[in-house]
Asks: 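The structure is given below, and queries will be raised subsequently.
All values derive from a computational prediction rather than experimental measurement.
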Amino acid sequence: MRFGRILAEVCLMDIAIAQTNLKIMPLGDSLTELACWRAKLWADLKANNMTDRIEFVGSVNNTRECDTVDGDFAKQHHEGHTGYLAIDIAYDHIDGWINDTKPDIVTFMLGTDDIARGRRLEDVVEAYTDMVKTMRQHNEYTKIIVNTIVPLPANMEPVNNLNDMIPGWAQEQNKTESPIYVNDIYPFPDTLLKDGIYPNDDGEQQIVGTLSPLLTWVINSNTTSNNMVLV
């Protein structure tokens, strides 16, 4: 009888682990908050039977029209904040956001507003490093996806330079237990922008087209924050 009780408790624990959804935080500025690529990403993941295993987390509710078409996605959240610089997020906000939601995976696209305001690229990359340190302080197994940033046709040199810096930075900061993946959204011609800043429908699909397979692969690795494997 005692062995039977232990076996039952183990089975219940396995079921609880299996039912735990991976928490994914979409993190960024207005390109994350106001654009519709998150909704398209969710739709793509849903079409591939992934969304019953995940949830998007953050302090911001989905409120845009494209966010509410799908009832399941309307319940999701994010950390997209219009006008926020990478350095603002790193030093003023990220600790609270991560502490409140405990994400297993963070995908971020940041640096556009920093460039627009003339910030040094070295400061942007240093902010990336600080954010990653904070994520790992709360969850040493956090998986991180850093996306290259969209073009700014009026000021492409710093955009290209930052995007060129990202792979080397990711390699330096990479850890076996907390890997950093680079999602390169390029080629991203200016025709994929609707106003010189925000991606149009095709531009959003371009982001999803590179991010979705990478995120799917990371999800399928199935490692949670407590290093247990989902079944």
Side-chain angles (χ1 to χ4, degrees), residues 25-44 58-60 62-67 78-94 97 106-132 144-173 180-215:
M25 175 184 284
L27 171 66
D29 50 32
S30 60
L31 292 166
T32 297
E33 180 180 14
L34 302 180
C36 291
W37 64 262
R38 289 180 296 98
K40 292 179 172 129
L41 175 62
W42 181 269
D44 194 73
S59 63
V60 183
N62 284 339
T63 57
R64 294 182 60 77
E65 183 177 352
C66 60
D67 290 341
H78 63 90
E79 288 294 359
H81 298 269
T82 299
Y84 279 36
L85 279 63
I87 59 176
D88 294 335
I89 291 174
Y91 304 123
D92 298 330
H93 303 288
I94 192 70
W97 294 341
V106 178
T107 176
F108 71 84
M109 179 187 292
L110 281 165
T112 302
D113 285 334
D114 301 75
I115 288 172
R117 300 189 195 180
R119 299 292 187 175
R120 296 171 62 249
L121 298 184
E122 292 79 6
D123 292 338
V124 176
V125 174
E126 185 177 342
Y128 286 0
T129 301
D130 192 79
M131 287 189 290
V132 167
I144 300 142
I145 299 174
V146 55
N147 303 271
T148 52
I149 66 172
V150 300
L152 287 174
N155 193 16
M156 275 305 297
E157 183 177 356
V159 171
N160 289 333
N161 290 342
L162 178 59
N163 286 338
D164 288 344
M165 294 167 74
I166 287 174
W169 166 84
Q171 187 174 16
E172 290 176 1
Q173 299 298 321
I180 299 176
Y181 306 96
V182 177
N183 177 43
D184 188 358
I185 66 173
Y186 285 75
F188 204 104
D190 296 352
T191 55
L192 297 184
L193 299 173
K194 61 184 176 182
D195 55 6
I197 299 176
Y198 293 98
N200 56 27
D201 185 71
D202 290 338
E204 292 171 344
Q205 199 57 55
Q206 171 75 4
I207 295 171
V208 172
T210 56
L211 179 56
S212 184
L214 175 55
L215 182 56

Asks: Out of curiosity, Asp44 CG to Leu211 CG, how far, rounded to the nearest 0.5 Å?
Replies: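 Answer rounded to 0.5 Å: 9.5 Å.
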Asks: So Val106 and Met131, do their side chains get closer than 4.5 Å, heavy atoms only?
Replies: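 No, their side chains stay 4.5 Å or more apart.
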Asks: Measuring from atom OG1 of Thr112 to atom CG of Asp29, what distance do you get when rounded to the nearest 0.5 angstrom?
Replies: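 Separation between the atoms: 5.5 Å.
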Asks: For the residue pair Tyr84 and Trp97, categorise the inter-ring angle as parallel (less than 30°), tilted (30 to 60°) or perpendicular (more than 60°).
Replies: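 Judged by the thresholds at 30° and 60°, the geometry between Tyr84 and Trp97 is parallel.
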Asks: Once rounded to the nearest 0.5 Å, what's the spacing between atom CD of Gln206 and atom CG of Asn200?
Replies: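 Taking CD in Gln206 and CG in Asn200, the distance rounds to 10.5 Å.
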Asks: For Thr210 and Ile207, indicate whether the former's side chain and the latter's backbone hold a donor-acceptor pair under 3.5 Å.
Replies: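 Pair found, side chain donor or acceptor close to backbone of Ile207.
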Asks: Roughly how far, to the nearest 0.5 Å, is CG of Asn147 from CG of Asp184?
Replies: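 Here the rounded value is 9.5 Å.
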Asks: State, to 0.1 Å, how close Gly111 and Val124 come at their nearest heavy-atom pair, and which atoms those are.
Replies: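 Residues Gly111 and Val124, closest heavy atoms: CA-CG1, 4.1 Å.
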Asks: Any idea which heavy atoms bring Leu121 and Pro158 closest together, and the distance?
Replies: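 Answer, listing the atom of Leu121 first, then Pro158: CD1-O, 3.7 Å.
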Asks: For residues Val60 and Gly80, report the shortest heavy-atom separation together with the two atoms involved.
Replies: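 So the minimum-distance heavy-atom pair works out to CG2-O, 4.0 Å.
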Asks: Where the side chain of Arg64 meets the backbone of Ala35, is there a donor-acceptor pair that is under 3.5 Å apart?
Replies: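 Judged by distance alone, no pair lies under 3.5 Å.
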Asks: Of the non-hydrogen atoms in Gly28 and Ile89, which two are nearest, and what is the gap between them?
Replies: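 Smallest interatomic distance, heavy atoms only, reads O-CD1, 4.1 Å.
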Asks: Is a donor on one side and an acceptor on the other found under 3.5 Å between the side chain of Asp114 and the backbone of Ala86?
Replies: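 Yes.
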Asks: Which heavy atom in Leu31 sits nearest to a heavy atom in Pro199, and how many Å separate them?
Replies: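 Smallest interatomic distance, heavy atoms only, reads CD2-CD, 3.7 Å.
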Asks: Please name all residues satisfying side chain to side chain contact (heavy atoms under 4.5 Å, CB included) with Asn163, sequence neighbours left out, ordered by chain then number.
Replies: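 Asn163 satisfies side chain to side chain contact (heavy atoms under 4.5 Å, CB included) with Thr148, Ile149, Val159, Ile166, Tyr186 only.
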Asks: Does Thr107 offer a backbone N or O that forms a donor-acceptor pair with the side chain of Tyr181 under 3.5 Å?
Replies: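 A pair under 3.5 Å: no.
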Asks: Using the side chain to side chain contact (heavy atoms under 4.5 Å, CB included) definition, which of the options His93, Met25, His81, His78 pairs with Ser59?
Replies: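 Checked His93, Met25, His81, His78 against Ser59; only one passes side chain to side chain contact (heavy atoms under 4.5 Å, CB included): His81.
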Asks: Could you state the interatomic distance from CD1 (Ile94) to CG (Asp88), rounded to the nearest 0.5 Å?
Replies: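 CG of Asp88 is found 12.0 Å from CD1 of Ile94.
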Asks: Atom CD in Glu204, atom CD1 in Ile185: separation rounded to 0.5 Å?
Replies: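 Between Glu204 CD and Ile185 CD1, I get 11.5 Å after rounding to 0.5 Å.
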Asks: Evaluate Leu215 against Leu41 for side-chain contact (heavy atoms from CB on, under 4.5 Å), listing each step before the verdict.
Replies: CA-CA 10 Å; Leu215 182 56; Leu41 175 62; 4.0 Å; yes
Asks: Does CD in Glu122 sit with more than 12 non-hydrogen atoms of other residues, nucleotides or ligands closer than 6.0 Å?
Replies: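 Yes, enclosed.
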Asks: State plainly whether the residues Asp123 and Arg120 are in salt-bridge range, i.e. N to O under 4.0 Å.
Replies: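 Salt bridge flag = yes for Arg120 with Asp123.
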Asks: After noting the C-alpha distance and the side-chain angles of Ile144 and Phe108, does the key distance pass the side-chain contact (heavy atoms from CB on, under 4.5 Å) rule?
Replies: CA-CA 8 Å; Ile144 300 142; Phe108 71 84; 3.8 Å; yes
Asks: If you take all heavy atoms of Ile180 and Ala170, which pair is closest and at what distance?
Replies: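 Smallest heavy-atom distance, with atoms named: CG2-CB, 3.7 Å.
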Asks: Test side-chain contact (heavy atoms from CB on, under 4.5 Å) on Glu172 and Thr129 and set out the steps.
Replies: CA-CA 10 Å; Glu172 290 176 1; Thr129 301; over 6 Å; no
Asks: Quick one: do Lys40 and Asp201 satisfy side-chain contact (heavy atoms from CB on, under 4.5 Å)? Show the steps, please.
Replies: CA-CA 10 Å; Lys40 292 179 172 129; Asp201 185 71; 2.7 Å; yes
